[in-house]
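Small disclaimer: the values here were computed from a predicted structure and weren't measured. Counting starts at 1 for both ligands and their atoms, following the listed order.
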Amino acid sequence: MEWIDTHAHLYAKDFEGRISEVVRKAREASVSRIITIGVNGQTNPRCIGYAEEHEEIFAAVGWQPTDLDELGEEMELSAEQIATLRGQASHPKAVAIGEIGLDYFRLPRTETPEVLRIKERQKRVFVQQLELAAELGLPCAIHQRGDGTFEDCLELFKPFAGRLRAVFHCFVSDLQAAQAFFELGCLISVTGIVTFKKAEELRETIRSLPPEKIMVETDAPYLAPEPYFRKLCEPAHVVYTGRRIAGILGLEPEEFAEISSRTAREFFWKMK
Ligand SMILES: [Zn+2]
């Protein structure tokens, strides 16, 4: 049996000096692959570094919408930053552009000039990276959180549908949203949230989704599934999330492990 953690942040402080142990624990839990996701200019090269050091680890590189401080006053990634990202994404073990997307979660609701500026910058950086992913033929991992981001993400992604595939990570939306993603040729991935007591609605949605469009992830170090709720989340824990989804879909854990791993290997086509 094989599980794949398609989204983890191994550069997190909690994992410092422990990467080998984290990988070993994952292996012992039959998690054979971990995709570690960068979020900015600092973390992207570190993700590539972990991928170089460990056979089990692959990397995704990108600028996350809430991690744009390095841009200073600039509204876009510079030509140099794009060139760096292109170089990193061309690494044999870089399997995706991500995470990228839109996040209005912590923004005030009133659209002051400053709020509009932040949203505009997120959108521009998102589109720049969609363009790069399309150019390189790589899939991307999309982060989308906060009111209005679903609509804005779809609008910006639509022109790329057909030449670019994306996974909407940490899926917590409804059936309609899932169908909108699928219609664009995209997939979803689900975190430990699906095991949380209060996530009954999410479980109800997943019940009617096609198993071959769902990948599993930890988003480690965050969102540890039951029975590790509120503890440090590690890639090994993706098994609990996968087992729970299998149960929801009426499948044996082995069946869903096989389906979701096959989906992940096809989607992240550079992953060996
Ligand atoms: Zn993430």
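Looking only at atom types and distance, the side chain of Tyr50 has a donor-acceptor partner in the side chain of Arg46 under 3.5 Å away.
Looking at residues two or more places apart in sequence or on another chain, you find a side chain to side chain donor-acceptor pair (under 3.5 Å) between Gln144 and Thr149. Every ring pair (Phe, Tyr, Trp, His ring centres under 6.0 Å) that His143 has, sequence neighbours left out, goes to His169.
Protein atoms of type N, O or S found under 2.8 Å from the Zn ion (ligand 1) total 4.
Taking CD of Glu135 as the reference point, atom CD of Gln129 lies at 12.5 Å (rounded to 0.5 Å).
Contacts classified as side chain to side chain donor-acceptor pair (under 3.5 Å) and involving residues 262-272 (residues at least two apart or in different chains) are given here: Glu2-Arg265, Glu258-Arg262.
With Thr218 as reference, Asp5 is the one residue of Asp5, Thr191, Thr6 to meet the side chain to side chain donor-acceptor pair (under 3.5 Å) rule.
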